[in-house]
Colleague: 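Pasting a structure below so you can have a look.
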Number of protein chains: 2
Amino acid sequence: MSRPKRATIVDVARMAEVSAKTVSRVVNNEPHVTEAVKTRVHEAMRALRYHPNVAAQGLVRSRSYLIGLVYEKPSPSYVVELQKGALERLHGERFRLVVLPVESVTEREEEIIALLRSAALDAVLLAPPASDNAALMRELREGGMPFARISPTRLLGNGPSVAMDDVAAAQEAAEHLISLGHRRIGVIKGDPSHAAADARLVGTMQALTKAGITLHPELIESGLFTFDSGLAAARRLLALNPPPTAILAQNDDMAAATIAAARECGLHVPEDLSVVGFDDSDISRVVWPPLTTIRQPVEDMAYRAMDMLLHVLKGEPEGGDIHLAHELLIRRSTAPPRAN
Amino acid sequence: MSRPKRATIVDVARMAEVSAKTVSRVVNNEPHVTEAVKTRVHEAMRALRYHPNVAAQGLVRSRSYLIGLVYEKPSPSYVVELQKGALERLHGERFRLVVLPVESVTEREEEIIALLRSAALDAVLLAPPASDNAALMRELREGGMPFARISPTRLLGNGPSVAMDDVAAAQEAAEHLISLGHRRIGVIKGDPSHAAADARLVGTMQALTKAGITLHPELIESGLFTFDSGLAAARRLLALNPPPTAILAQNDDMAAATIAAARECGLHVPEDLSVVGFDDSDISRVVWPPLTTIRQPVEDMAYRAMDMLLHVLKGEPEGGDIHLAHELLIRRSTAPPRAN
DNA sequence: CCTCGTGCTGGGAACGTTTCCCCATTTCTA
DNA sequence: TAGAAATGGGGAAACGTTCCCAGCACGAGG
């Protein structure tokens, strides 16, 4: 689309018999141009198939019209929803989305920062756990690079963000199990480097405490938000004596793994074991039985975060911390415990 | 990372006491620079935290260092693997990946082309079904924009591509069912706008014909590669009298849906119904029983396609059509039919 | 009739690199 | 030893756009 020498602004200017400057004004919808001139320029643009050269615009305006999306190998459905929401908002804007997945293991903050620096971005969208990384945010601020945060769990008031209330959501999920009659409830935590894992545990414990239930440490297992890690954690929980009658997994992938682990032990879900997930990702409807889960509006969150970012880029004052509502979706993986 | 006036090449030149031209040579690893000068420049670069301005480079070299990835709302796991492979190859290169999902419904070829044109890309990676779109490829060629194709099924010899043999793979899957003793085999096709859907059907029919089995049209249902569409198609197939003893779904999402539909009818998989999927996506291991499926090396394919694209961008001659091997993974969703 | 604002337009200088062309010095070849 | 070739370096133009500033017409008010 570019090699066979594209039309430049002076070609258009020559054809429309105006100056390059005027063409620029027309392209950017600036005032001080007569209607007649405007239409003449538009015709010339169409005839020459003129498209402004983004690199040149970027050079003089010191803008690259690129927005980065930083995330760390979460579940596929999460990534896709994130991208969908961000792109949806970008539709019709001249900004483009550059994906920047980072490996927590190999890449340290400095490397991420170097990556961002060399990528020449105008702004970044930070998904967890980058959205909770204080050092990263400080660097960004010092570097003058605008950012917005998705699902931060701490350090609020630190730039625009969109989140849901992980604590309240986890509390609600646990209360659902308690109200069904469960007393011995296992928890599978997510990746400890995600602050959401702690927030969700706190919510769970609040519900249990309120109901007068003490959560034995043996009932808390840690995973990494992946199916395989969830499988291992669920196996450990189900090997306890007595095993829990319900398991609260901190995302759907690990909840699905819990169902698989239960099947291995010959347990039926939900008769022998209730399972609750988190996120309402695709996987929650694909497994059997479909998962009771917390709906987290990831796509909306990404959309809103991108919206706030665009506002900042337009020079408007920075937005604050936004909360989006969650929702407990009761499907078929939870039931009262078997009476024994 | 950019607003507080970054160091420019002349700052570095001044500090290292050489000309801007020399700095440029060092940055680009060109010859004609003494070691001593080179280290002096490197030191200055580090001290000033100099990073070349991509926009300026792009302007003079007429390169944007952006590569687009065009795909059309396929399953999340497919997208993620695609991106993973492409990014893996891009690691260490200066090119960045811009994601360009397109809606087949709303966007027609011209809009896609306009999108690419305005995105100022250096090259594009085409995933299905864009990789089979003749008009799109013609436009790209005329516009001088290099491209590489992922999983094309027709119009080969039309630019570098990486694919697997859909026909042979589908044939192998069908032969597996036949060898188990199945004779009444249902097929759930994928989105008709993907040429792979036809190729996989052809392979299936080849296997059946070879075994002397005629495939009744009533046994062929169409889906859209999504779980929901697969659910509806599977329900229709299972409502037949007699129902098929095995169903071959053209991707894993629809195969998972088939298992769900079977459960609705009170059928057990694989005792009452064998199910075969396609792709070996995450979902195939998450459902119960785990799916017998064809492993499609999506990540490798994206990696190789990106590799070929980079070769073209370096001015080397265009590669041809590459084939990657598939593999039939026999898991627990297939078994001999119940004797009746 | 002169002046003064106001709306439209153009000239020229940036923006930060690379590249073309040039010169001086060193090294190799015959 | 002379000439050719290679090496190390610099000056200035170019890439395509936007932005600052000035100029020009036109109508209104004195």
Side-chain angles (χ1 to χ4, degrees), chain A residues 1-42 44-45 48-66 94 117-120 122 315, chain B residues 1-42 44-45 48-66 94 117-120 122 315:
Chain A
M1 240 80 263
S2 54
R3 243 39 42 72
K5 46 209 163 312
R6 293 164 45 145
T8 129
I9 206 170
V10 316
D11 298 330
V12 177
R14 189 153 31 224
M15 184 166 192
E17 295 177 337
V18 290
S19 76
K21 166 70 182 140
T22 306
V23 177
S24 171
R25 272 197 270 256
V26 173
V27 170
N28 297 21
N29 268 324
E30 285 170 22
H32 304 308
V33 185
T34 4
E35 274 308 315
V37 173
K38 203 179 283 188
T39 56
R40 228 167 54 230
V41 171
H42 273 129
M45 278 170 44
L48 269 52
R49 296 164 153 263
Y50 170 74
H51 284 264
N53 180 318
V54 188
Q57 288 183 321
L59 180 57
V60 62
R61 297 210 264 218
S62 58
R63 276 271 168 104
S64 63
Y65 297 102
L66 293 175
R94 50 209 292 176
R117 212 185 281 273
S118 70
D122 283 346
Chain B
M1 236 82 255
S2 55
R3 242 40 40 74
K5 46 207 162 312
R6 294 162 46 143
T8 128
I9 203 170
V10 316
D11 298 329
V12 177
R14 188 154 30 226
M15 185 164 191
E17 296 177 338
V18 291
S19 78
K21 163 69 181 143
T22 306
V23 176
S24 171
R25 272 197 271 254
V26 172
V27 170
N28 297 33
N29 266 323
E30 285 171 23
H32 304 310
V33 185
T34 349
E35 274 308 316
V37 173
K38 205 180 281 188
T39 56
R40 229 171 50 233
V41 170
H42 273 130
M45 278 171 43
L48 267 54
R49 294 166 155 263
Y50 169 74
H51 284 262
N53 180 317
V54 188
Q57 288 183 321
L59 180 57
V60 62
R61 296 212 267 219
S62 59
R63 276 271 169 104
S64 63
Y65 296 101
L66 294 175
R94 51 209 289 178
R117 212 187 280 274
S118 69
D122 282 347

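Convention: sequence-line order gives letters A, B, ...; per-chain numbering from 1.
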Colleague: Taking the side chain of A:T8 as its heavy atoms from C-beta onward, which of D:dT17, D:dG9, D:dG10 lies nearest to it?
Modeller: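 Nearest nucleotide to the side chain: D:dT17.
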
Colleague: So, is B:Y50 close to the C:dT17 phosphate, meaning a side-chain N or O under 4.0 Å from OP1 or OP2?
Modeller: yes

Colleague: Would you find a donor on one side and an acceptor on the other, under 3.5 Å apart, between the side chain of A:D122 and the backbone of A:R63?
Modeller: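 Answer holds: no.
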
Colleague: Can you measure A:R14 atom CZ to C:dG10 atom P for me and round it to whole angstrom units?
Modeller: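 A:R14 atom CZ is separated from C:dG10 atom P by 14 Å.
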
Colleague: Remember a base hit wins even if backbone is also touched, and classify A:V27 as base, sugar-phosphate or nothing at under 4.0 Å, heavy atoms.
Modeller: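 The answer is nothing, as A:V27 stays clear of every strand by at least 4.0 Å.
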
Colleague: Considering non-hydrogen atoms only, spot the tightest contact between A:A13 and A:A20 and give its length.
Modeller: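 Nearest pair, atom of A:A13 first, then A:A20: CB-N, 3.6 Å.
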
Colleague: Let me know the distance between CD of B:E30 and C1' of D:dG8, rounded to the nearest Å.
Modeller: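 One finds 13 Å between C1' of D:dG8 and CD of B:E30, rounded.
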
Colleague: Using the closest heavy atom to pick a nucleotide of DNA chain C for each, name whichever of B:K21 or B:N53 lands nearer the 5' end.
Modeller: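 Checking each residue's closest nucleotide, the 5'-ward one belongs to B:N53.
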
Colleague: Spell out yes or no: do the side chain of B:R25 and the base of D:dG9 have one donor N/O and one acceptor N/O closer than 3.5 Å?
Modeller: yes

Colleague: May I have the distance from B:N28 (atom CG) to C:dT18 (atom C1'), rounded to whole angstrom?
Modeller: 8 Å

Colleague: Nearest whole angstrom, please: distance from the C1' of D:dG9 to the CD of B:E17.
Modeller: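 It works out to 15 Å between those atoms.
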
Colleague: Answer with base, sugar-phosphate or nothing: what part of the nucleic acid does A:V18 contact at a heavy-atom distance below 4.0 Å?
Modeller: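 The answer is sugar-phosphate, as A:V18 gets under 4.0 Å only of primed atoms, P, OP1 or OP2.
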
Colleague: When you measure from the side-chain N and O atoms of A:T34 to the phosphate of C:dT9, is any distance below 4.0 Å, counting only OP1 and OP2?
Modeller: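 So the side-chain polar atoms of A:T34 do come within 4.0 Å of the phosphate oxygens OP1 or OP2 of C:dT9, strictly under.
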
Colleague: Looking at C:dT17, I'd like to know if its phosphate oxygens (OP1 or OP2) sit under 4.0 Å from a side-chain N or O belonging to B:S24.
Modeller: no

Colleague: Within this structure, what is the CG-to-C1' distance between A:L48 and D:dG16, rounded to whole angstrom?
Modeller: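 A:L48 atom CG is separated from D:dG16 atom C1' by 15 Å.
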
Colleague: Treating B:D11 as the side-chain partner and B:T8 as the backbone partner, does any N or O pair qualify as donor plus acceptor under 3.5 Å?
Modeller: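 Yes: the side chain of B:D11 pairs with the backbone of B:T8.
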
Colleague: Which whole-number value in Å describes the distance from A:I9 CD1 to D:dC19 P?
Modeller: 11 Å

Colleague: Calculate the interatomic distance between B:K38 atom NZ and D:dG8 atom P; express it in whole Å.
Modeller: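 Result: 9 Å.
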
Colleague: Does a side-chain N or O from A:T22 land closer than 4.0 Å to OP1 or OP2 of C:dG10, or not?
Modeller: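 True: A:T22 side-chain N/O within range (under 4.0 Å) of C:dG10 OP1/OP2.
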
Colleague: How many angstroms lie between atom CD of B:Q57 and atom CG of A:L59, to the nearest 0.5 angstrom?
Modeller: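 One gets 11.0 Å once the value is rounded to the nearest 0.5 Å.
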
Colleague: Atom CG of B:L59 and atom C1' of C:dT19: how far apart are they, to the nearest Å?
Modeller: 13 Å

Colleague: Has B:T34 got a side-chain atom pairing as donor or acceptor with B:A36's backbone, closer than 3.5 angstrom?
Modeller: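 Side chain of B:T34 to backbone of B:A36, a donor-acceptor pair under 3.5 Å: no, none is there.
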
